[in-house]
Amino acid sequence: MSSSNYYDVTTWPVGNASKDVGEVINSIIADIKERQAASDVNDGGKPGAVIYLPPGDYHLRTQVVIDISFLRIEGSGHGFTSSSIRFNVPEDEWPGLHELWPGGSRILVDLPVREGGEEARGAAFYIERTGSPRISSVEFSNFCIDGLHFTADGSGLHPENTYVNGKTGIYVANANDSFRVNGMGFVYLENALTIYHADALSIHDNFIAECGSCIELRGWGQASKVTDNLIGAGFKGHSIYAENHGGLLITANNVFPRGASSVHLSGVTRSSVTNNRLHSFYPGMVVLDANSSENLVATNHFLRDHEPWTPFLGIGNGLDDLTGLLRVSGSHNSLVANHFSEVVDAESIRPEGAAPVIIRLVEGAGNFVSNNHTVALDVRAASSDSCFAAQVDALLTTEASDALAVTAVMVDPASARNTILDSGTDAQVVADRAVNAFRATPTVGS
Ligand SMILES: OC[C@H]1O[C@@]2(CO[C@]3(CO)O[C@H](CO)[C@@H](O)[C@@H]3O2)[C@@H](O)[C@@H]1O
């Protein structure tokens, strides 16, 4: 059966998908709107459509503007490969590489670079619709959005390592419901996903790496989920960021470095950050700020160690080791059963000679901190020109290191009436025992 609501960008008569897939998709959307003009025909009328991108390279020179519900844009392959590693291979070795570029069903974002212009104009896919009901069920599935190159940022860094280019993959400007971003690949975009006012959004099973920021849920929202993704932002940006969200579920993501944070929640309430594997080269990995309250942060694995790859040595996120790996400004959060591996070179700790802080309660009241376990090792940081080898070596090193003294939990005076159980020995917890309930992790022989 063929359906008029299934479109293949390579057979659409308007435009040329390989030269400007943006023009083609906008023309298809115009056709859908023309054919599905009435909102009530036989109890239906606007079923939406599928736009299919077969595996292949599609330059995008015109921004796609989406203002219809039930639109699914799908490909056959997220196509991620590391552009970061490739751009740091000496150019005379490029001819010997098996492939140079990401693949799959791949959009090459070739929008004109905006100079200090409006952020949304640099988006490959721009979704905007006001009025009622909210735009619903727009789905992106199984294709790659590649921003191609980063650009010089004045820092002297190799331009391809700046994580800056003004490009966004998908930008949703208005309140939306039941959107899905599933099985996608995002690479070399300054922002992969920027979504305002999400309701019941699913960001699931994507590969979102080597982007300045990966996921930003802005404005406010509820009942959304970020699950099962492989994610890693640049040193200036967020891997997962949300503001003023309630009921957000962040679960089972593998968040690798080198985002300025792994999960940053601002004014987020009654949400869960559970079962994630989080790896960072800097402190401030999970940040709950602006009175983020009643959240569950549980059974996550935190690893903080050092950048092992030569091109990025010396880069940081500006935060010192007293920041905390898990930092909380808010009340009545449950921080339970998280594992922390802090594997750093004592010489690199800032301020010099300080005991790094693992969990820090900055402001608020009534947080419940229980059964968190920290393993802290002092290692001599090693580096390598080979990204993968350096990463794996660093990950697998557990021996021949000395224990490192840490502050497992630090409670600032502006945070009170917290309960801290079995999350650090007496010596490892800095908290006013008169205003916080405290039970130390026992030590051998005591
Ligand atoms: O660690 C997994 C991912 O990391 C890579 C390889 O390493 C990179 C290169 O810039 O360094 C960061 C983390 O060490 C990653 O964000 C980035 O991307 C992916 O190639 C790889 O899939």
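In each ligand, atom 1 is the first atom listed, and ligand 1 is the first ligand listed. One is the number of the first residue; the rest follow in order along the sequence.
The side-chain contact (heavy atoms from CB on, under 4.5 Å) test with Met285 is passed by exactly one of Asn300, Leu326, Val263, Leu278: Leu278.
Contacts between Phe388 and ligand 1 below 4.0 angstrom, taking non-hydrogen atoms only, are absent altogether.
In this structure, the side chain of Asn338 engages the main chain of Val297 through a donor-acceptor pair within 3.5 Å. Checked by atom type and distance alone, the side chain of Asn142 pairs as donor or acceptor with a backbone atom of Gly77 at under 3.5 Å.
Summarising the contacts of atom 3 (C) of ligand 1 with Phe235, Phe281, Phe207, Phe256, the nearest heavy atom is found in Phe256.
At a threshold of 4.0 Å, the pair Asp289-Arg327 does not count as salt-bridged, since none of the basic side-chain nitrogens sits closer than that to a carboxylate oxygen. The pair Arg106-Glu99 fails the salt-bridge criterion, with no side-chain N (NZ, NE, NH1 or NH2) lying under 4.0 Å from an Asp/Glu carboxylate O.
For atom 12 (C) of ligand 1, the nearest protein heavy atom (residue, atom name, distance) is Pro257 O, 3.5 Å. Of the protein's heavy atoms, Ser82 CB, 3.2 Å lies nearest to atom 20 (O) of ligand 1. Nearest protein neighbour of atom 7 (O) of ligand 1, counting heavy atoms only, is Gln391 NE2, 2.8 Å. If you check which protein heavy atom lies closest to atom 11 (O) of ligand 1, you get Arg258 NH2, 3.0 Å. Annotation: atom 9 (C) of ligand 1 to nearest protein heavy atom, Ser84 OG, 3.4 Å.
For ligand 1, the polar-atom distance check finds an N/O of Glu210 within less than 3.5 Å of one of the ligand's N/O atoms.
Taking the centre of each ring, Trp220 and His245 stay at or above the 6.0 Å mark.
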